[in-house]
Amino acid sequence: MTNTEVNQYLKYGTLALVTFQTTFNVLLLRYSRLEKSGDEGKKYFESTLVLMAEVVKFIVCISLLVFQNGWVLSKSAEIFYKEIIANIHETRKLSLPSALYTLQNTLLIVAISNLDAATFQVTYQLKILTTAFFSVLLLGKQLSGRQWVALFILMTGVICVQLPTGASKITDATSLQSHQSIIGLVAVLISCLSSGFAGVFYEKLLKHGNQKSIIIRNLQLGVFSLIFGSLGVLLSLQNIREFGFFFGYTPIIWTIVFVQAFGGLVIAATMKYADNILKGFATSISIILSSVCSYFILNDFKFNLMFIVGALMVICATYFYGVSPKKESLRSPDMEELIEAEKKMK
């Protein structure tokens, strides 16, 4: 098998992997919020899920650090102390993006609790718009005309998806559904703003700070993520004391924890072996799969003309934004670090 054939397999293999990971994570989260569990149908606490995902992610990064140093624990501990603890001035710079990422992860659970998987997937693509906005504002990046058009189409598509489907008799059920939709929409919007600002702020720190490997950067983020995640748990401490930290945890919940923890590694592989066009295809396929599964499996979503039009607009916008001829087209900043780390780890 030639190198070209291997690269092709890796390219489309990672495309399938990131599509599966994105879709699987959203559907599992939505299912976990729909199923009845625990006493009186109470569900797991969002704060514990966010914290556990950060704990697993931190353990993975520690394991990678030890692996990178030939499984020598003393050397790994020395590097951890030198780069994370002794260099606290550098580490604390990541406290803000870490807090925002923790807020984002919590809000995503709130959003998926109040929106069907299909609507959530489409609306969450607004993170492309917020990332672009903050990149232009804070980093002075230039967008091509095609990208500006794509962002306009993206915003229009999301608006179409969120528009009401028409006049209907107002009942308690429809009133509750409308209230949930508003909560879900607000949660997604704040999450997109948080994600966009945190990503760009993180990129700015990387460009003006000392160059570190992605493992060290993730450990620096992870320290504060554990702190902020623990603070979130403290806010629910009364309920956690009553029901237990792992209340409502099922194999599904543990699967979500590991899918979220390893999600960054999946995206890293995608950005290494695929390109922005394939990433756009992955997003598009994920939206379609989420919509189909939400309709046929979760049974919490019904297709309508405005959703179909809006979803198609978002899919097209995602594709055209990624195929911009400019080499400096916007990408998630931590993905650039992941690519560099992959090269160094070879």
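This structure is a prediction, so every number in the text was calculated from the model and none was measured. Any value given below was found using the heavy atoms of this structure, including those in side chains, with hydrogens, waters and symmetry copies removed.
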Measure the [atom1]-[atom2] distance between [X] and [Y] for me, rounded to the nearest 0.5 Å.
X      : Y      : atom1 : atom2 : answer
Ile109 : Asn114 : CD1   : CG    : 12.0 Å
Leu94  : Leu100 : CG    : CG    : 11.5 Å
Leu64  : Leu219 : CG    : CG    : 9.0 Å
Tyr31  : Thr250 : OH    : OG1   : 8.0 Å
Glu46  : Ser113 : CD    : OG    : 5.5 Å
Leu115 : Tyr124 : CG    : OH    : 13.0 Å

Crowded around [X] [atom1]? As in, over 12 foreign heavy atoms under 6.0 Å?
X      : atom1 : result
Phe80  : CZ    : yes
Tyr295 : OH    : no
Tyr81  : OH    : no

[Y] and [X] aromatic ring geometry - parallel, tilted or perpendicular at 30°/60° bounds:
X      : Y      : result
Tyr249 : Phe246 : perpendicular
Phe247 : Phe243 : tilted
Phe197 : Phe201 : parallel
Phe258 : Trp254 : tilted

State yes or no: do [X] and [Y] share one hydrophobic cluster built from I, L, V, M, F, W and Y residues joined by side-chain heavy-atom distances below 4.5 Å, directly or via other members?
X      : Y      : value
Val50  : Phe262 : yes
Met155 : Ile308 : yes
Met52  : Ile252 : yes
Met313 : Met306 : no
Phe303 : Val314 : yes

Do [X] and [Y] touch side chain to side chain, with heavy atoms closer than 4.5 Å?
X      : Y      : value
Gln21  : Val259 : yes
Phe224 : Arg92  : yes
Val66  : Lys75  : no
Phe45  : Phe245 : no
Ile215 : Gln68  : yes
Ser291 : Phe307 : yes
Leu65  : Cys61  : no

Any side-chain to backbone donor/acceptor pair from [X] onto [Y]? Under 3.5 Å, distance only.
X      : Y      : value
Ser195 : Lys127 : no
Thr106 : Thr102 : yes
Ser236 : Asn239 : no
Ser194 : Ile190 : no
Ser32  : Leu29  : yes

State plainly whether the residues [X] and [Y] are in salt-bridge range, i.e. N to O under 4.0 Å.
X     : Y      : result
Arg30 : Asp300 : yes
Glu90 : Arg217 : yes
Glu54 : Lys57  : yes

Stepwise side chain to side chain contact (heavy atoms under 4.5 Å, CB included) check, Leu143 with Leu151: CA-CA 10 Å; Leu143 301 182; Leu151 291 175; 3.7 Å; yes
What heavy-atom pair brings [X] and [Y] nearest, and what distance separates the two atoms?
X      : Y      : value
Asn69  : Ile79  : OD1-CD1, 3.1 Å
Thr130 : Gly196 : OG1-CA, 3.7 Å
Leu51  : Gly229 : CD1-C, 3.9 Å
Ser294 : Ala117 : OG-N, 3.8 Å
Ala311 : Val122 : CB-CG2, 4.2 Å
Ala317 : Ala150 : CB-O, 3.1 Å

Side chain to side chain contact (heavy atoms under 4.5 Å, CB included) assessment of Phe133 paired with Val200: CA-CA 10 Å; Phe133 172 77; Val200 173; over 6 Å; no
Are a donor atom and an acceptor atom from the side chains of [X] and [Y] found within less than 3.5 Å of each other?
X      : Y      : answer
Gln121 : Ser290 : yes
Ser225 : Tyr101 : no
Thr19  : Ser286 : no
Thr123 : Gln162 : yes
Asp116 : Thr119 : yes

Audit row: Ile84, Gln220, side chain to side chain contact (heavy atoms under 4.5 Å, CB included) steps and yes/no: CA-CA 6 Å; Ile84 310 299; Gln220 289 175 326; 3.5 Å; yes
ring-ring contact (aromatic ring centres under 6.0 Å, His included) between Phe152 and Trp148, worked out: CA-CA 6 Å; Phe152 176 77; Trp148 282 114; over 10 Å; no
Step-by-step side chain to side chain contact (heavy atoms under 4.5 Å, CB included) determination, Leu235 to Ser47: CA-CA 9 Å; Leu235 295 176; Ser47 57; over 6 Å; no
